[in-house]
Amino acid sequence: MEVVSMDEYSSHYAIEPPIDTRLNGAIRAFGGIEDAMMIVHGRSCCHADNFLYRVMTAGHNKIRLTGGGLRLRDISTGGHHKLSLSLLASYEQFKPSLIAILSTSVPLMMGDDVEGVILKLKEKIPVTIIHLPCPGHSKNASMGYDMAVSSLCDYMRMSEGNGHRNQREINLIGLKSDNPYALSDLMELKRMLKDQGIVVNTIFTCDAFESLKKAPDAELNVVLGGEGIGLAKKMEDTFGIPYKVVSYPFGLRSSVEFLESIASALGIKLDYRSIETEQERIKEKLERVYGFLEGIYNLKTAIVGESGRAFDLARFLNDELCLDVKLLAVTSANAETAKRQNDDYFGHFLKVDDRLHLNEVVESMNIELMIGSSLEAIFCKEDNVPLTKLFYPTIDQVFISDYPIAGFRGVGNLTELVLNTVMDLTR
Amino acid sequence: MNTEENNKRGPRNNRQVRARIYQPVAMLVHGIASMPAKNAGALMAVSGIKDAVPLIHGPPGCANLRQMNSFDISYPVRLTPCTNLSEIDIVLGGENKLYRSIIDLYHRLHPALIVVIPTCPSDMMGDDFGGIVEKAKKEVGCEVIYSTGESIPGRPIGYHDVMCSVVEQLLLPKAPFPKTEKSVNLLNFPMDVNKNQFMDLIPILNEMGVKVNKICFYNTHLTDLYELPRAELNIVDYPSPWIERMKDHLGVDYLAASSFGSDPDSGNPFGIEGAARILLEIAERLGIKESAEGIIERRKEEAMENCGDLKEKLRGIRIAVLDGFSFGPAITLVSEFRMKLEAISYRSFFMKSHGMSDNAYNQLIEMDIEATRRYGCEPEVLRDPTPEQELEVFKDRGVQLVVCNGGIARYNEAGIRGFNGVRFFMQSMSIGFDSAKILAESVIEALNTPIKKYPLVNMIEKDVQEPNLIPHWKKLGVIWRTIAEGGDGGCLYG
């Protein structure tokens, strides 16, 4: 495996950064909490940009994000007053169970006493308020996601009268509800687990705050693709709950491993009959497109996405769908990235710090298929490369149907998406 | 205009179709629940110059979400490089990084112009933009200018700073410029939907003996910017700071075609009368009124003749208008096509979200009512009605078509057709003699569009006062307005 040298572009001062900031990760984490409200405490830019992406990637009826509304003149007087207004109005309008204040560069440079504002409003706003500093220079969205979900641990407790953990109950950590097809994926994972008698207690983050607080009731934390591992470690330390890092289950092999891994950690035996039934269903679907599967064999492919899902997708595309994954470009790295960047199911690995450099690398590879997000659309259009959008942010598609790309049902759907992309006559 | 341009004006143009899909969301992110700020405006300006590249002087957080711009959601910004400021830079200063980034960017992309855009952190650090840009310019083979962030008042914020920098840092050092007699620039916003605004005037201006010096922004390059000061007159939709500077420093006077909030007859540039008025004003300013009057009159008569059949089809059709009469297509439909205005329904939420005071809002309504009387209409005026009240009035008054801003399904269900006036205004409304005809044809198309009997969209709960917003969006809007009004009164630009 070749890791593309960082030296090649470390001399570049002007870079086109990928979406990989702490703020973005935190917004995606808190954004999945159904009854939470987020306040981006900063200037209009910080709020408006994140709001726009939220509108384009989350449900229109699920956006619970507002701003601190700081103007130029507030820089001399401080942002306390506007933050108070924002907090009070947010509570008044939505009655959230949790408010997350994400402070950006300006209030942090000004030294706004956010904790003081929270303390002052404690009686008027009787809900949990979390403050997370997210200055613009703090990179790593995965870290932001991790910090956000980890902050929830302080509010968790076991259900009353529940002296022991609920057998065969797990928490899923690392699911990002604004990823393409994420909600369908979640339904599929629950279905697969249910078939094996395993119940999902709570999902980080695609759940209500009250449910998340009951996370310690579960027997095991399952960390998808390594996203949010900090929370799993914190819960292990605090509540003694073990955790297991599993692949994001793209493909048949990975779906079986997903179940095996969890079953093994829970000390239960898998029912392989249901898995065989799933395999038979997949086989029937693939038989219908056999000729095309031969046609895409070793198609030169690049994958651009977050570490938490990109490695596992690369593995499916290379090992099972038999594409030739020339490049795996990771836009946001997590704790698992370093462990996996020398794996053997892709040609080159690149941690994307500069999208201009990414374009140069992809251009040199004569790629025939790109798997990425909407941010790859312009490059793919200009270079006439077919693009399948499976990663965040996909802002030019909607996802309202039951169409998982993970799990057993995801095998056929992913195959369909890839084939339809490369076969499309209108492209 | 070539065929390609004609095609771009048609409804099948991909970008227009995308723009109409994104329009309701654009409304939400653009004033209702958030406000795009200086960098969005600055990038809009830079994106209008084809061989220019922006350089955002700030941390990655100020650049990484910039590919989507609230001013033009349907069309991603291609390049938004930044100087990648770190925590250490914020303490020690980012001037060295800015200097090196300018040189680096030039060697990577070879643009004709680099526009340095400041961010909040770099502003607070106090980096010497002017000094660094001057120093770096000696090392690169392109022009480099820097925007002043948000120091120039005016909306959209950030846009004017870049354009004023163009005037002051690019054009002024090269002054004086030779003048081309009887020439004009046609200037619009560098948004795709806006760029055709003055195109219809070109053949008439040519016939009048007026040379169109530059259309900006329309495939505009750096070399085109250098040509701008040659014109005698800038034709713009609204006055703006950079146009004022061209007047003050480069001697290029301007004519603003639109005047929001003034007398509807003299401030509305649309329709046949509006186009004639603008053309006459141009002729007068260029000192060719005498020779041009006949041409304008003839063109006007031709246009009226061309609209004769359309006028017959539209005359007397009962319409209702939402959120204002005097500006946009409604006044043209009444004044030039004699459609019968039966009702105007005002919903204050959107305008007030943009910082409009009660007083100003009431003045606008009074002005509208005055204008309707001028055209012999006595419409029923509704202020923040419930959807049911509004529909009841529309039905009582026999309204056949509502000129609205989306939400047509609600009227369709009551058997009334709708015409999205805001969408037409944003995408198709141009200044010229053809514009009235295009408007009339579009309205006739709306009148002939089958009514949707069972719209699924009507299953979705809407806000009572603002039926284009779901309750969730309205709550976000209320929060945002609370911060604006409770903070210091005005709206949250900047």
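Reminder, nothing fancy here: chain letters follow the sequence lines and each chain counts from 1.
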Whether the side chain of [X] engages the backbone of [Y] through a donor-acceptor N/O pair (distance < 3.5 Å, no angle test) should be reported.
| X | Y | result |
| --- | --- | --- |
| B:His472 | A:His60 | no |
| A:Asp49 | B:Leu65 | no |
| B:Arg108 | A:Ala14 | yes |

Checklist outcome for this item: Counting heavy-atom pairs under 4.5 Å with chain A, the top scorer among B:Pro59, B:Gly58, B:Ala40 is B:Pro59
Checklist entry - Mind checking what makes side-chain hydrogen bond (donor to acceptor under 3.5 Å, both in side chains) contact with B:Tyr159, not counting sequence neighbours? => result none
Checklist entry - Applying a criterion of heavy atom separation less than 4.5 Å, what residues of residues 111-118 of chain B form contacts with chain A? => result none
Checklist entry - chain A contacts: which residues in residues 85-94 of chain B have a non-hydrogen atom closer than 4.5 Å to it? => result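 Counting heavy atoms that sit under 4.5 Å from chain A, the residues of residues 85-94 of chain B involved are B:Leu85, B:Ser86, B:Glu87, B:Ile90.
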Item to check | Closest non-hydrogen atom pair between A:His47 and B:Ser34, with its separation | outcome: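 Where A:His47 meets B:Ser34 most closely, the heavy atoms are CE1-CB, 3.3 Å.
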Item to check | Proximal component of B:Ala63, with respect to chain A [non-hydrogen, under 4.5 Å] | outcome: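 For B:Ala63, backbone and side chain are both near chain A.
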Checklist entry - What part of B:Ile102 is in contact with chain A, defined as an atom under 4.5 angstrom from a non-hydrogen atom: side chain, backbone, both or neither? => result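 Looking at B:Ile102, nothing touches chain A.
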Next on the checklist: So if I take each residue of residues 133-148 of chain A and look for any heavy atom under 4.5 Å from a heavy atom in chain B, which residues do I end up with?
Outcome noted: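 If one takes a 4.5 Å heavy-atom cut-off, the residues of residues 133-148 of chain A near chain B are A:Gly136, A:His137, A:Lys139.
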Next on the checklist: To the closest 0.5 Å, what do you measure between CG (B:Asn64) and CZ (A:Arg355)?
Outcome noted: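 CZ of A:Arg355 is found 10.0 Å from CG of B:Asn64.
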Item to check | Between CZ on residue A:Phe379 and CZ on residue B:Arg78, distance to nearest 0.5 Å | outcome: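 The distance works out to 9.5 Å.
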Checklist outcome for this item: In terms of heavy-atom pairs under 4.5 Å with chain B, the winner among A:Thr66, A:Asn61, A:Val55 is A:Asn61
Next on the checklist: At a 4.5 Å cut-off on heavy atoms, which part of A:Arg22 comes close to chain B: side chain, backbone, both, or neither?
Outcome noted: neither
